[in-house]
Amino acid sequence: MFDTIEQARLGELHFKSDPASSLQAIIAIHNTRLGPALGGCRCVHYATDQDAINDAIKLARGMSYKAALAGLPQGGGKAVIIKPRGDFQRQDLYRAFGKFVNELGGRYITAVDSGTSLQDMDYVSQITPHVAGSLRDGLDPSPCTALGVFAGIQAAARHQFGNADLRGRTVAIQGVGNVGYALAQLLSQAGARLLVCDTDPLKVKQAVAEFHAEPMAPEQFTATHCDILAPCGLGGVIDRRSIEDLRCAIVAGSANNQLAEPDLGQRLHAKGILYAPDYVLNAGGLIQVALGVRHTDAASIQQRILAIGDTLTTIFDRSRATDTPPSTTADQMAEAILYGNSTGA
Ligand code: NAD
């Protein structure tokens, strides 16, 4: 485990078990150089405890890089709750989690993520002030994440196709949950043709009805012929096998850690597929909660979210000029901010 921690340059790793509430949780704090670590709390099933630890570490690192390139005064951290297999009381679970967050004294600020809701964050906020985004403060990050992804897709289209107009472009979306559904709405308004899949058939049905999207089977997603492939479910969608099936010009979605292994960025680059680095593209929600708790006005927040498109354009231009994958270029830019040089050494 210490090799993983050192490789990720992780600052702190905390564990909590509270049998009374069924809480088994991990908090990973990656870097606090720019400010307290801010990152969502994920509550999903894991095959092994090690998988949960690896997920927390990888996600926390991504949050540091995300905040750095979004120009926010925040560090990176992430919490993982191993979803209990049996019955549990949500309120008890999230209050116990709130106690865990509180014990870290504000070095980690939690928020909503896959498997958690704004209501859950309300329970957390009954115990600790170190939470951003709840029913109480009215900050719902998902629509803002979708807006940032949309701006990033336009920037990617401009770079790859010569213009940002999405009319008639085919976009395949995997996962029409909180972010994917809001993204589908923006894309549909922009005149894109949508193909959607989700493991939840009801969500697909709703997207088909509302946006005239065409349904596709989840297992067809990576091999689908489209202009833009938008992974908006869980991570690891682009792996050594699926990368060879891709029939798209751009990969740009909200999911964290879309590349199962970092060197796949090089393979995408070699195949001429433009990859919008996930942590740059999906920073809209973080921007909203980080600035929202500081009472920044809505118009300024929206402007910062739309600027994700400009950041991506800078990354794409540098990537083209140096013949370096966008994923590597983004890492180098983030590491220059976090560690003061371009190699992170
Ligand atoms: P969500 O749980 O609301 O939606 C995810 C959807 O993907 C669900 O509908 C789920 O059924 C579906 N799904 C999961 N696996 C699938 C598969 N194999 N095939 C098809 N569908 C599948 O989560 P969300 O909040 O919309 O987040 C989506 C992704 O974006 C996650 O990776 C999350 O970490 C990332 N993200 C979210 C935010 C945010 O503001 N919510 C911010 C940054 C990043």
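All values below were derived from every heavy atom in this structure, side-chain atoms included, with hydrogens, water molecules and symmetry-related copies excluded. The structure presented is a predicted model; accordingly, all values stated were derived computationally and were not measured.
Sorted by first then second residue, the salt bridge (Lys or Arg N to Asp or Glu O under 4.0 Å) pairs that include residues 230-253, not counting sequence neighbours, are Arg240-Glu261, Arg240-Asp263, Glu244-Arg267, Glu244-Lys271. The ring-ring contact (aromatic ring centres under 6.0 Å, His included) contacts involving residues 252-278 comprise nothing, where partners must be two or more places apart or lie in separate chains.
Looking only at atom types and distance, the side chain of Tyr181 has a donor-acceptor partner in the side chain of Glu210 under 3.5 Å away. Counted by atom type alone, Asp55 and Tyr46 present one or more donor-acceptor pairs between their side chains at under 3.5 Å.
For the side chain to side chain contact (heavy atoms under 4.5 Å, CB included) with His130, the qualifying choice from Val124, Thr110, Asn102, Leu38 is Asn102, the only one to do so. A side chain to side chain contact (heavy atoms under 4.5 Å, CB included) with Tyr279 holds for exactly one of Asp331, Asn257, Leu59; it is Asp331.
At least one donor-acceptor pair under 3.5 Å links the side chain of Gln160 to the backbone N or O of Gly272. Checking side-chain atoms of Thr311 against main-chain N and O of Ala307 turns up a donor-acceptor pair under 3.5 Å. Thr4 places no side-chain N or O within donor-acceptor distance of the main-chain N or O of Asn54, the cut-off being under 3.5 Å.
Distance CG/Leu147 to CD1/Ile301: 11.5 Å, rounded to 0.5 Å. For the atom pair Arg320 CZ and Thr329 OG1, the distance stands at 12.0 Å (nearest 0.5 Å). If you take CG on Leu187 and CG on Leu166, they are separated by 6.5 Å, rounding to the nearest 0.5 Å.
The aromatic rings of Phe316 and His159 lie tilted to each other, with the angle between the two planes from 30° to 60°. Using bins of under 30°, 30° to 60° and over 60° for the plane-to-plane angle, the ring pair His14/Phe100 lands in the perpendicular bin.
With salt bridges taken as basic N to acidic carboxylate O contacts below 4.0 Å, none links Lys66 and Asp278.
Gln303 CD: 12 or fewer foreign heavy atoms inside a 6.0 Å radius.
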